[in-house]
There are 2 protein chains.
Amino acid sequence: MASEQKILLEYLKSKNRKQSKQRTEILELFLKSPRHLTANELYIQVQKHNPAIGFATVYRTLKLLCESGLCREMALEDGVTRYERQQGYEHHDHLVCTKCGKVVEVVDQTIESHQGRLFKKYGFHPQRHRMELYGICKDCVKGEKAG
Amino acid sequence: MASEQKILLEYLKSKNRKQSKQRTEILELFLKSPRHLTANELYIQVQKHNPAIGFATVYRTLKLLCESGLCREMALEDGVTRYERQQGYEHHDHLVCTKCGKVVEVVDQTIESHQGRLFKKYGFHPQRHRMELYGICKDCVKGEKAG
DNA sequence: GATAATCTTGATAAAGATTATCAATTTCAA
DNA sequence: TTGAAATTGATAATCTTTATCAAGATTATC
């Protein structure tokens, strides 16, 4: 069994909750999918595999994966929540192309440490942060000039 | 007339669009309101002043103010868009208390310059960015310890 | 294995924020 | 003053996400 399935199982046990075929299947497909997936995109994948699974279950399972630490939510500016694998990935921020929607994961230690300083400066106990950089990627800039 | 009203008027003329009492009134109340306002919060203010104005007009006017540069949208993680004055304010990011919702405007030049470096590093033409730091403010930390 | 308590599921309704529609009204250039 | 064009208010529609609930699945215990 993939280690992620084990993590989910452990989490369920620790919370006195139950395993289900649907959860196993949704996690499996989630792991196979590209990163930065919307709930609806995952639902479409799930439908192809097993049309009996409803989208409420997909939503619920994504929430569950987030609780268990396997997944994190990520809200861009279009109001649609995206989900990305968390396990085995370091913290990172996002660089987003506003033309094609491409998402690049980035991290800059100087920025990270200065964020910590801002929390301290204003007397906040730090919890988390989000940073998104919006621009036009190289390919789309080329496209603009060409076409 | 407040300079903001002039700016709106200029913008409307430049786009061959029309002035209206509603727009003037909504802008006036928007300027009086606290920063980081939701459309609904502004609508409530507008209702007190003039119950004849519908909320669709408030939404439309906020969009218009954003177009004209008087206002900018700001999306936190609760899915509700907030609007803040833009004119006369420098770029800034937000430090948000997850307990009481307090929002502090912050800016760090080192972070700003490193963001520029990230755009460059990945070959993106920069457009804008957003950064939100979530934590617990001093007052709420005290509250937690006390009660 | 059978059982019973409890959890999960799928379908659907509901919620909440925002946008679209459209007839009636208002604005403004001529 | 006038008439084309924009704006308004009410309402419906949209879109994402969450709540509800009866029916079915799971698991600890015997």
Side-chain angles (χ1 to χ4, degrees), chain A residues 5 8-29 36-68 71-83, chain B residues 5 8-30 36-68 71-83 101:
Chain A
Q5 296 284 0
L8 177 58
L9 202 48
E10 283 307 306
Y11 178 77
L12 289 170
K13 275 192 188 165
S14 77
K15 296 283 178 187
N16 287 319
R17 298 180 62 183
K18 294 173 179 171
Q19 206 185 0
S20 78
K21 293 168 206 152
Q22 288 92 333
R23 285 173 175 169
T24 304
E25 204 166 333
I26 291 170
L27 173 53
E28 188 193 326
L29 288 170
H36 315 118
L37 197 71
T38 66
N40 195 54
E41 285 164 358
L42 180 55
Y43 173 63
I44 290 168
Q45 287 310 113
V46 168
Q47 279 290 297
K48 286 184 192 161
H49 227 247
N50 182 352
I53 296 178
F55 72 81
T57 301
V58 173
Y59 268 97
R60 284 186 289 232
T61 304
L62 282 169
K63 290 281 173 198
L64 175 67
L65 296 181
C66 291
E67 283 174 47
S68 75
C71 173
R72 87 164 159 150
E73 291 193 352
M74 151 196 181
L76 296 186
E77 290 185 339
D78 61 0
V80 188
T81 306
R82 272 145 244 264
Y83 297 85
Chain B
Q5 296 284 0
L8 177 58
L9 202 50
E10 281 308 305
Y11 180 77
L12 289 171
K13 274 191 188 165
S14 77
K15 296 285 176 182
N16 287 319
R17 299 181 61 185
K18 293 174 182 172
Q19 205 184 1
S20 77
K21 292 168 208 154
Q22 288 92 333
R23 285 173 175 169
T24 304
E25 205 166 331
I26 291 171
L27 173 53
E28 187 194 327
L29 289 169
F30 173 69
H36 315 117
L37 197 73
T38 67
N40 196 53
E41 285 164 357
L42 181 55
Y43 173 62
I44 290 168
Q45 288 310 113
V46 168
Q47 279 291 297
K48 286 184 192 161
H49 227 248
N50 183 350
I53 296 178
F55 73 82
T57 302
V58 173
Y59 267 98
R60 283 186 288 230
T61 304
L62 281 169
K63 290 280 174 202
L64 174 66
L65 295 182
C66 291
E67 281 174 49
S68 74
C71 173
R72 89 164 157 150
E73 291 193 353
M74 150 198 180
L76 298 184
E77 290 185 339
D78 61 0
V80 188
T81 304
R82 272 146 244 262
Y83 297 85

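Chain identifiers are assigned alphabetically (A, B, ...) following the order of the sequence lines, protein sequences preceding nucleic acid strands; residue numbering begins at 1 within each chain.
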**Student:** Of all heavy-atom pairs between B:Thr38 and B:Arg82, which one has the smallest distance, and what is that distance?
**Tutor:**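 Taking every non-hydrogen atom into account, CG2-CG, 3.9 Å.
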**Student:** Residues in side-chain contact (heavy atoms from CB on, under 4.5 Å) with A:Thr81, at least two apart?
**Tutor:**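 Only A:Glu73, A:Tyr83 meet the side-chain contact (heavy atoms from CB on, under 4.5 Å) criterion with A:Thr81.
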**Student:** Name all pairs fulfilling the ring pair (Phe, Tyr, Trp, His ring centres under 6.0 Å) condition that reach into residues 44-66 of chain A, sequence neighbours left out, sorted by first residue then second.
**Tutor:**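 Every ring pair (Phe, Tyr, Trp, His ring centres under 6.0 Å) pair that includes a residue of residues 44-66 of chain A, provided the two are not neighbours, is A:Tyr43-A:Phe55.
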**Student:** B:Arg23: which residues meet the salt bridge (charged side-chain N to carboxylate O under 4.0 Å, His left out) condition with it, sequence neighbours left out?
**Tutor:**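 Result, salt bridge (charged side-chain N to carboxylate O under 4.0 Å, His left out) vs B:Arg23: none returned.
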**Student:** When we call it a touch if two heavy atoms are under 4.0 Å apart, what does A:Lys15 touch: a base, just sugar-phosphate, or nothing?
**Tutor:**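 It contacts nothing in the nucleic acid.
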**Student:** Could you check how far CG of A:Leu8 sits from P of C:dT8, rounded to whole Å?
**Tutor:**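 A:Leu8 atom CG is separated from C:dT8 atom P by 11 Å.
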**Student:** Between D:dT26 atom C1' and A:Lys13 atom NZ, what is the distance in whole Å?
**Tutor:**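 Value for this atom pair: 13 Å.
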**Student:** What residues, two or more places apart in sequence or in another chain, satisfy side chain to side chain donor-acceptor pair (under 3.5 Å) together with A:Asn40?
**Tutor:**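 Once residues adjacent in sequence are excluded, A:Asn40 has no partner under the side chain to side chain donor-acceptor pair (under 3.5 Å) criterion.
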**Student:** Measure from CG on A:Leu62 to P on C:dT8 and round the result to the nearest Å.
**Tutor:**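 It works out to 16 Å between those atoms.
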**Student:** For the residue pair A:Leu29 and A:Gln45, what are the closest heavy atoms and their distance?
**Tutor:**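 So the two residues come closest at CD1-O, 4.0 Å.
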**Student:** Excluding sequence neighbours, so at least two apart, what forms side chain to side chain donor-acceptor pair (under 3.5 Å) with B:Glu67?
**Tutor:**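 Here the qualifying residues are B:Tyr11.
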**Student:** The criterion is salt bridge (charged side-chain N to carboxylate O under 4.0 Å, His left out); which residues satisfy it with A:Arg60, sequence neighbours excluded?
**Tutor:**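 So A:Arg60 forms no salt bridge (charged side-chain N to carboxylate O under 4.0 Å, His left out) with any residue.
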**Student:** Can you pull out the residues from residues 71-82 of chain A that lie within a 4.0 Å heavy-atom distance of DNA chain C?
**Tutor:**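 When residues 71-82 of chain A is checked for heavy atoms under 4.0 Å from DNA chain C, there are no hits whatsoever.
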**Student:** Could you tell me the separation between the CD atom of A:Glu25 and the P atom of D:dA25, rounded to a whole number of Å?
**Tutor:**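 It works out to 15 Å between those atoms.
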**Student:** How would you list, by chain and number, every residue that makes a side chain to side chain donor-acceptor pair (under 3.5 Å) with B:Arg72, sequence neighbours excluded?
**Tutor:**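 B:Arg72 satisfies side chain to side chain donor-acceptor pair (under 3.5 Å) with B:Glu84, B:His92 only.
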**Student:** For A:Gln47 and C:dG10, give me the distance from atom CD to atom C1', rounded to whole Å.
**Tutor:**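 Distance check: A:Gln47 CD to C:dG10 C1' gives 11 Å.
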**Student:** Rounding to a whole Å, what distance do you find between B:Glu41:CD and C:dG16:P?
**Tutor:**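 After rounding, the reported distance stands at 15 Å.
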**Student:** Between which residue ranges does DNA chain D form stems of three or more consecutive Watson-Crick or G-U wobble pairs, both distances under 3.5 Å?
**Tutor:**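 Expected stems, ordered by start: C:1-30 with D:1-30.
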**Student:** Base contacts versus sugar-phosphate-only contacts with protein, heavy atoms under 4.0 Å: please encode nucleotides 4-10 of chain D as B, S and - from 5' to 3'.
**Tutor:** BBSSBBB
**Student:** What residues form a salt bridge (charged side-chain N to carboxylate O under 4.0 Å, His left out) with B:Glu28, not counting sequence neighbours?
**Tutor:**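 B:Glu28 satisfies salt bridge (charged side-chain N to carboxylate O under 4.0 Å, His left out) with B:Lys32 once adjacent residues are dropped.
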**Student:** List in chain and number order the residues that pass side-chain contact (heavy atoms from CB on, under 4.5 Å) with B:Thr24, two or more places apart in sequence or in another chain; answer none if no residue qualifies.
**Tutor:**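 Here the qualifying residues are B:Gln5, B:Gln19.
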**Student:** Starting at atom NZ of A:Lys63, determine the distance to atom C1' of C:dT9, rounded to an integer number of angstrom.
**Tutor:**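 Those two atoms, NZ and C1', are 18 Å apart.
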**Student:** Can you tell me how far P of D:dC15 sits from OH of B:Tyr59, to the nearest Å?
**Tutor:**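 That distance rounds to 16 Å.
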